[in-house]
Enquirer: 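Here it is: the structure, laid out below.
The chains referred to below are lettered A, B, ... by the order of the sequence lines, with proteins before strands, and numbering in each begins at 1. None of these values were measured; they are calculated from a predicted model.
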Amino acid sequence: MRTFNVSRFLDSVRDAGLDGYMMVAGLLIVVTVLIMAVFAEFIAPYDPVKIVGMPVTPPSPKFPWGTDTIGRDVFSRVVYGSRTIMVVILMSTALSMLIGIPLGLISGYVGGSLDRVLSLIMDSIYAFPGLILAIAVAAMLGPGIYNTSISLAVVYIPTYFRMVRGQVLSLREQLFVEAARALGATDWRILRKYIFPNVFFIIAVVFSLNVADAILTEAGLSFLGLSVPAPTPDWGFDLKNGQRYFLSGKWWPVMFPGLMIILLALGFGLLGEGLNRMLGQKEVR
Amino acid sequence: MSLRAYVITRILMTIPMILILLTLVFLVMRVLPGNPVIAIVGMKASPQYIKKLEHQLGLDKPLWLQYVDYLGNLLRGDLGRSMIWGKRPVIQEIMDHFPATLELTIGGFLVSVILGLATGMVAGIRSGGKLDASMRIYSITVYSLFIPLLGMMLQLVFGVWLHLLPVGGRIDPGLEPPAITGLYVLDSLLALKLDSLTSALAHLVLPSFTLGLVLSGIYTRLVRSSLMEVLGQDFIRACKARGLPGRAILFRHALKNALIPILTMMGLQFALLLAGAVLTETTFSWPGMGTFLVERITYRDFTTIQGSIVFYALFVALVSLVVDLVYAYVDPRIRY
């Protein structure tokens, strides 16, 4: 194992040019929001569900981002909201991967009619508008953190499946896999030792790009009132709450959660793009 | 394969896709943990009432029989009746709202294609340069824009501050054109009502721009990579060797070829348009399928929810079929 060398990492970032900077910018955004989510208790000045001031008070030293429509601190709600969205996104992504990746490995490796049937099912789900599928599942399951995670997971299973399957299809024909098979390796061993490690890096890229998408879908569900139930801070829902005040010039209950949604989606998007090109470049060299 | 044989195969291939989507909707609506009836009436309803409703919806039958009923009704074009407000047939309610969504998605589509072509061409021609880099940042950034926030900001700037455009709705009250296609812009044109046309177009601008801008980033990168690939080919060098001016090479030769692969993406892009339209509609109180679906979810109108999702599924399958057929027509290589 090589040890991680900071200066070498920075060198490779600089060499990668725009891709390197994009990746670092994305990483910084994601890490900042993660810190917010983990240390919400220490960062937020107020209880996010308690009424602490007059409704829609403009930003002031007492309430740095103002108060929302019923007088809760917007900054504290945004800080705690990062926890809600992060938990939902990580749970849903884990679930999508847990189902999508193994199915993709098996489908691509085994081939035949199993592959045809699975691919047809996954392609059909993939073709369906993601947010609308999530809305349907969420409407039937009802609100809640777990239910929202499931609704999002259903949408993104095909993304992992398709990507892993495609990789396996091309890896399966390669010489080193054939060599392993000739040496008498079992299918399970080939999948685990030779194919999966080669799929791994692409999973990292897809994860990052997919999470950017999932954040917007979660925020959409939440905006429509189909995510976590009411007093829990959630960016999309908070934005919706502020909507009726927005056009009369009271922008802060809408703007801050909205910008956070965009920032976080952008962070994962930049990270994924940068990673994609950097890993891609390595393959070419 | 002849074009006709391709068309027939492709149409046949749509059938399993539709069947899978319909089955998926069925599974989501019935088999997911949670009883749809309790979801409709809430936990506090009396057991007798729940029984009655279950019977009325056919939910007391065995699952396979429900599935057969469901597919059978769909084959007859019957999506059931709404559970609230006069119990109108679901298909009628959908037809009341679908044209609004179609109009918005067409508007959003045009905006995204125009913006995407412009930015993608700039990036493709200047590949590797500063402009190319900015277009990459553009495509990632616009895709991350959260539709409701973008929409509200446009409403604030163009509607409230500048008084240029209406902030919501489809048309000024009283100016609705006679219903022919349900698309207000088209209907006002057909009826030659100029005031309706201007009003409908003015209402369409902000929602279309919101939806189109967010999705344009996808076209930016597609056009860029496709154009770069075409520009590297021999026939472009041959054009240059013959002394054709750059503009003619780009517009007459390169672009035409570069756009072919982008056609294939339009099917999937359409799903994104429909999903984005749900958020755009709710932001701009646009009376389309999205606002309708979300409204009925709050009323727990089970049959209407199911019917709408089924309708979306059929529509998506139809669009992907049409896109593939157009692709096969434009690029004969695809048929082999």
Enquirer: Please state whether the side chain, the backbone, both or neither of Leu24(B) comes within less than 4.5 Å of a heavy atom of chain A.
Expert: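 For Leu24(B), the contact with chain A is made by the side chain alone.
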
Enquirer: At a heavy-atom distance under 4.5 Å, which candidate from Val154(A), Asp213(A), Asp123(A) has the highest pair count against chain B?
Expert: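 Top count of heavy-atom pairs under 4.5 Å with chain B: Asp213(A).
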
Enquirer: Looking at every heavy atom in both Phe246(A) and Met153(B), which two are closest together, and how far apart are they?
Expert: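 Shortest heavy-atom contact: CE2-N, 3.9 Å.
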
Enquirer: Below 4.5 Å, heavy-atom pairs only: which of Ser308(B), Ala313(B), Ser320(B) has the largest tally toward chain A?
Expert: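 Most pairs with chain A among the choices: Ala313(B).
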
Enquirer: What part of Ala219(A) gets closer than 4.5 Å to chain B, counting heavy atoms only: side chain, backbone, both or neither?
Expert: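 Both parts, backbone and side chain.
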
Enquirer: Checking heavy atoms, do the side chain of Leu133(A), its backbone, both or neither come under 4.5 Å from chain B?
Expert: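 Side chain only.
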
Enquirer: If you compare all heavy atoms of Met22(A) against all heavy atoms of Ile140(B), which two are closest, and at what distance to 0.1 Å?
Expert: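 Heavy atoms only, the tightest pair is CE-CD1, 3.5 Å.
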
Enquirer: Compare every heavy atom of Ala127(A) with every heavy atom of Ala271(B), then report the nearest pair and how far apart it is.
Expert: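 That closest heavy-atom pairing would be CB-O, 3.3 Å.
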
Enquirer: Of all of Leu293(B), Thr283(B), Ile147(B), Leu273(B), which one pairs up most often with chain A through heavy atoms under 4.5 Å apart?
Expert: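 Greatest number of close heavy-atom pairs with chain A: Thr283(B).
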
Enquirer: Under 4.5 Å from any heavy atom of chain B, what part of Phe223(A) do you find: side chain, backbone, both or neither?
Expert: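 Phe223(A) touches chain B through side-chain heavy atoms alone.
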
Enquirer: Under 4.5 Å heavy-atom distance to chain A, tell me which part of Phe270(B) shows up: side chain, backbone, both or neither.
Expert: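 Interface part for Phe270(B): neither.
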
Enquirer: So what's closer than 4.5 Å to chain B heavy atoms on Leu226(A): side chain, backbone, both or neither?
Expert: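 When you check distances to chain B, only side chain atoms of Leu226(A) fall under 4.5 Å.
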
Enquirer: Side chain, backbone, both or neither: which part of Met13(B) has an atom under 4.5 Å from a heavy atom of chain A?
Expert: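 When you check distances to chain A, no heavy atom of Met13(B) falls under 4.5 Å.
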
Enquirer: Name the region of Ile297(B), side chain, backbone, both or neither, that has any atom closer than 4.5 Å to a heavy atom of chain A.
Expert: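 Side chain only.
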
Enquirer: Using a 4.5 angstrom heavy-atom cutoff, name the option from Leu266(A), Ile121(A), Leu259(A), Leu131(A) with the most pairs to chain B.
Expert: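 When all of Leu266(A), Ile121(A), Leu259(A), Leu131(A) are compared, Leu266(A) has the most.
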
